[in-house]
Asks: 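Let me give you the structure first, and then I'll get to my questions.
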Amino acid sequence: MCHYFIQAKYPMTDNPLLPLRDKITALDKHLLELLAQRRALSTDVVNTKIEANIPVRDIERERILVKTLIEQGKKYHLDEMFIQRLYQIIIEDSVLLQQRILQEKHNQHTIKTAKIAFLGPKGSYSHSAMRRYAGRHFDHVEESGCSSFKDIFEHVEKGLVDYGILPIENTSSGSINEVYDLLQKTDLHIIGELSLPIDHCILANKHTTLDQIDTVYSHPQPFQQCTNFLENYPHWKIVYCDSTSSAMEMVSKLDKPNVAAIGNKDGGELYGLQVLEHNFANQKENITRFIILARKAIDVSDQVAAKTTILMKTGQQAGALVDALLVLRNHNIVMTKLESRPIHGNPWEEMFYIDLQGNLATLKMQQALKELSSITLFVKVLGCYPSDSIF
Ligand SMILES: O=C(O)C(=O)C[C@]1(C(=O)O)C=C[C@@H](O)C=C1
């Protein structure tokens, strides 16, 4: 990334901005203190909720709170969208903090450190997702970069790490089939999820310009997510890599003006690359959902919004899938995703992956799963975990 330092017209001591910047610095410090106080109150709130068995989320409270703040912001000429986005981040932090505290009390233990496998090396989107998830759940993390999704599954299954984090779908390129296929034949459990906004960048060595590039390196996923942008450069040779960070590593080692990688800005800085273009995915809201796998399933407190993911194989008779989905409807269970993949060794039969809103431990979920088992060939719970879809 290029850093352009505009030579100050004034010696540092005479800079007319200094007094104002000092005031901004003091005010930002005060803002941090207020945010810390708000966070401490969230801790008090969740402890009260635990005592009174009150759910973490109160959507109506959030709606009224933000609406009031937007109104109050008007007299200070604060833009409505600014307030909306700012409090989305503040409230999301509050909810995730409360969920962590609640889950730790619910499971009667707190895990301070963890070893987590991700698609590496450092600088990949999976690395960013892993660090974000670890920051929310652990005080210390040991990072384990893997060269493939299969490698991540094996690391967790063999106990080389505690958790594995893998991308499972993206808003631009859809489901990541390789991960779904690996889920078909594992005994691991989904214990969490995380949605990460993905801002793809064209990353190149310093002094390279866009028109000098003739070869671009990346993981297959970014290429699938940026087809519209890549149509502008039909002469670019596409080279697939194990991960976006191995692509950035390659471009940095080649150190030539005609090569570039597609990856994230932070990763590019790790490899000394500059950003030539960014935010060019087919979907402007380009988000990848990651799942977190572990050898042991978790229990989710009934005070935390939960998701349950199941694997299901129906018979070949007409309407088999419809009958199964009607069971969910009859139990008033919301299905948030339905994906299908060919069954290993039997490509003309489909395995269905279904994400359900709700906790596995609820009576209606238990009854629905029992009914599903009686009318299908195979039903397996892949996991019940706190929902990350805060907003
Ligand atoms: O007031 C509550 O119940 C809180 O948990 C606090 C808070 C917030 O951060 O403002 C967080 C989550 C709720 O959904 C509503 C509001």
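Read the numbers this way: they start at 1 and go in the same order the structure lists the ligands and their atoms. Position 1 is the first residue of the sequence; numbering continues from there.
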Asks: Check step by step if side-chain contact (heavy atoms from CB on, under 4.5 Å) holds for H127 and S245.
Replies: CA-CA 9 Å; H127 184 232; S245 39; over 6 Å; no
Asks: Which atoms of ligand 1 have any heavy atom of D58 under 4.0 Å away?
Replies: 13 (C), 14 (O), 15 (C)
Asks: Tell me the contacting part of L65 for ligand 1: side chain, backbone, both, or neither, using a 4.0 Å heavy-atom threshold, strictly below.
Replies: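 Under 4.0 Å from ligand 1, L65 contributes side-chain atoms alone.
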Asks: Check each atom of ligand 1 against the heavy atoms of R57 and keep those under 4.0 Å away; list them by number with element.
Replies: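 Heavy-atom distances to R57 below 4.0 Å select 14 (O).
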Asks: Keeping the roles fixed (side chain from W236, backbone from L230), state whether a donor-acceptor pair exists under 3.5 Å.
Replies: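 Pair absent, no side-chain N/O of W236 close to backbone of L230.
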Asks: Which of the atoms in ligand 1, numbered in the order shown and given with their element, are less than 4.0 Å from a heavy-atom of R38?
Replies: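 Every atom of ligand 1 under 4.0 Å from some heavy atom of R38: 8 (C), 9 (O), 10 (O).
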Asks: Which residue and atom name correspond to the protein heavy atom nearest atom 11 (C) of ligand 1, and how close is it?
Replies: S94 OG, 3.4 Å
Asks: Please determine whether any non-hydrogen atom of V56 lies less than 4.0 Å from an atom of ligand 1.
Replies: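 Yes, V56 has heavy atoms under 4.0 Å from ligand 1.
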Asks: Please could you name the atoms of ligand 1 that K49 approaches to less than 4.0 Å, counting only its heavy atoms?
Replies: 2 (C), 3 (O), 4 (C), 5 (O)
Asks: Could you report the tightest heavy-atom contact between G123 and N264, atom names first, then the distance?
Replies: O-ND2, 2.6 Å
Asks: Number the atoms of ligand 1 from 1 as they appear, then name those within less than 4.0 Å of a heavy atom of V95, with their elements.
Replies: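 Checking each atom against V95, I get 12 (C).
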Asks: Starting from atom 13 (C) of ligand 1, which protein heavy atom do you reach first, and at what distance in Å?
Replies: E62 OE2, 3.4 Å
Asks: Check the orientation of F229 and F280. Use parallel for under 30°, tilted for 30 to 60°, and perpendicular for over 60°.
Replies: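 Geometry flag for F280 against F229: parallel rings.
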Asks: Can you name the atoms of ligand 1, numbered from 1 with element, that are less than 4.0 Å from a heavy atom of R61?
Replies: 1 (O), 15 (C), 16 (C)
